[in-house]
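What follows is a set of notes on a single structure, which appears directly below.
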Amino acid sequence: MQDEMTSRERVLAMLKRKPVDRVPVISGSAMVAEYIKKSGGIFPDYHHDSEMMVNAASLMHTDAGVDNIVMPFGMFVESIALGLEVKMGRIDIQPSVKGFFETPEEVNLDPDKFLADPYVRTTIEATEFAKERFPDAAITPFLVGPVTLTGYLMGVQNLANLSCKSLNHEEVMDEIIEWFSKALEINKIYARACIEAGADALYYSDASASPNLLIPDFYYQVGVPAEIELGEFIHKLGCPWELHICGDTTPIIEGMAATGANCLSVEQAVKMEEVVKIARNVPVVGNVTPLLMIDGTEEQIREETRRGLDGGAKASKLGCGTPSLSSPERLKQWVKAVTDWSAENL
């Protein structure tokens, strides 16, 4: 039997496809309102105060028992740092990007200016702070993938509309590629800063690459190469990374596995056994229904957790982030379900 591991050791072993003492429990976004209140967090200060951010985010680890600590709280940081309009939401609603640029030339790629933004700086400082305070946890900055960031830069609906045309029109594809090159430069600037701050792994949500928004052909032709480029950059810096795409990703799992991501995160919309088979030797994590953390019974949480693990998940994870209104008690029931399954099966 594998010796007892720290949370950090457990997560890194899973990412490196090595044996674990129990299946890791990991989180994506984790802006849990009850933990923010318990930690003394104040809206909207916890978005740009690194100590407040870590105090709230770390309770997923210290109280609920989740193996990683994830920051920041939402998929808006890159966009607001570039000058786009962002609606900040409230304590139980994550920020959302509202504006977009008219042309790629409007996107300012000055690294110093980007890294000086208060929200970017908070993520980097929070990574350093969490690493110092919680060395046994896996510190995992939450970043926006290249397809989604491209959508924020040019407008999500514009990306959806042009993606179909680009497959048959070279000039449209050239425009799309120009937008993607801007997004990738920002991705790399931010990734390097987070890794240098001590990140154990980077978690990329590329939500807009979902087949619900973009046709799979476009993802394979444009999205996969962009994620490969970003992933190779991250690996050269010595860091593993996780790729999440929303919705039923069964039609694009093969492409996701080809990106070089150390693990693939999937939602409850997929059948774990099916995508594990397609992904072959690339670990797949997920796919517990997030809403169970708000109103699920202990039995429902246990059954769904075990279903994903029986299907071959290498880590248990909520399908698309931790809902803001999650109950700490239900989060603990989820962790216990994973621990119990591991004791029986590992």
Side-chain angles (χ1 to χ4, degrees), residues 47-48 50 71-72 74-88 95-128 141-160 162-163 166 171-197 199 202-209 214 218-219 221-239 241 243 259-261:
H47 286 300
H48 55 76
S50 58
M71 303 150 300
M75 298 175 62
F76 72 101
V77 174
E78 295 92 333
S79 297
I80 202 169
L82 293 169
L84 290 175
E85 178 188 355
V86 170
K87 186 175 181 180
M88 291 308 296
S96 56
V97 180
K98 295 300 180 184
F100 57 88
F101 296 107
E102 296 294 334
T103 66
E105 290 73 26
E106 292 180 47
V107 182
N108 188 337
L109 294 179
D110 181 347
D112 292 335
K113 183 175 181 181
F114 179 82
L115 295 173
D117 177 82
Y119 294 94
V120 172
R121 193 170 64 247
T122 295
T123 302
I124 296 165
E125 291 175 353
T127 300
E128 294 172 338
F142 172 36
L143 309 174
V144 176
V147 179
T148 305
L149 184 54
T150 298
Y152 287 161
L153 297 181
M154 66 183 296
V156 176
Q157 194 56 53
N158 290 333
L159 173 62
L162 291 179
S163 65
S166 69
E171 67 278 8
V172 179
M173 180 60 80
D174 289 342
E175 180 184 352
I176 290 281
I177 295 300
E178 188 175 358
W179 282 107
F180 266 83
S181 69
K182 298 286 186 177
L184 279 166
E185 284 303 307
I186 295 299
N187 283 147
K188 291 174 183 178
I189 292 166
Y190 202 7
R192 180 186 292 276
C194 289
I195 293 168
E196 290 177 350
L202 301 183
Y203 168 58
Y204 277 93
S205 175
D206 219 354
S208 294
L214 301 178
F218 180 81
Y219 175 68
Q221 190 166 332
V222 182
V224 171
E227 291 166 352
I228 288 174
E229 181 177 336
L230 177 59
E232 289 177 345
F233 177 83
I234 294 166
H235 282 155
K236 284 179 181 177
L237 295 176
C239 190
W241 67 290
L243 174 62
T259 63

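Hydrogens, waters and symmetry mates play no part in the numbers below; they use all other heavy atoms, side chains included.
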Approximate separation, where rounding is to 0.5 Å, of [X] [atom1] and [Y] [atom2]:
| X | Y | atom1 | atom2 | value |
| --- | --- | --- | --- | --- |
| F180 | N187 | CZ | CG | 10.0 Å |
| H47 | T122 | NE2 | OG1 | 10.5 Å |
| E178 | I176 | CD | CD1 | 10.5 Å |
| E106 | L82 | CD | CG | 11.5 Å |

Using every non-hydrogen atom in the two residues, find where [X] and [Y] come nearest and quote the distance to one decimal.
| X | Y | result |
| --- | --- | --- |
| L214 | S163 | CD2-OG, 3.5 Å |
| E125 | S50 | OE1-OG, 3.6 Å |
| D110 | N108 | N-OD1, 2.9 Å |
| P95 | M88 | CG-O, 3.7 Å |
| A226 | L184 | O-CD2, 3.4 Å |
| A193 | I124 | CB-CD1, 3.6 Å |

Using distance only, find each side-chain donor-acceptor pair of residues 97-104 under 3.5 Å and give its atom names and separation, not counting sequence neighbours.
residue	atom	partner	partner atom	Å
T103	OG1	E105	OE1	3.4

Validation: residues 143-155 side-chain donor-acceptor distances under 3.5 Å, sequence neighbours left out:
residue	atom	partner	partner atom	Å
T148	OG1	D206	OD1	2.9
T148	OG1	A207	N	2.9
T148	OG1	S208	N	2.9
T150	OG1	P146	O	2.7

How would you list, by chain and number, every residue that makes a side-chain contact (heavy atoms from CB on, under 4.5 Å) with [X], sequence neighbours excluded?
| X | value |
| --- | --- |
| L109 | V107, K182, E185, I186 |
| T259 | Y219, V224, E227, I228, W241, L243, A261 |
| L237 | R192, I195, F233 |
| E171 | H169 |

In chain order, what residues pass the side chain to side chain donor-acceptor pair (under 3.5 Å) check against [X], with sequence neighbours excluded?
| X | result |
| --- | --- |
| E128 | none |
| Q157 | N161 |
| Y190 | T123 |

Is the closest side-chain heavy-atom distance between K87 and F76 below 4.5 Å?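 The answer is no; the side chains never approach within 4.5 Å.
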W179 and V222, any side-chain heavy atoms less than 4.5 Å apart: no
List in chain and number order the residues that pass ring pair (Phe, Tyr, Trp, His ring centres under 6.0 Å) with Y203, two or more places apart in sequence or in another chain; answer none if no residue qualifies.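 With sequence neighbours excluded, Y203 shows a ring pair (Phe, Tyr, Trp, His ring centres under 6.0 Å) to F142, given in chain and number order.
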Apply salt bridge (Lys or Arg N to Asp or Glu O under 4.0 Å) to E229 and list each qualifying residue two or more places apart in sequence or on a separate chain. K188
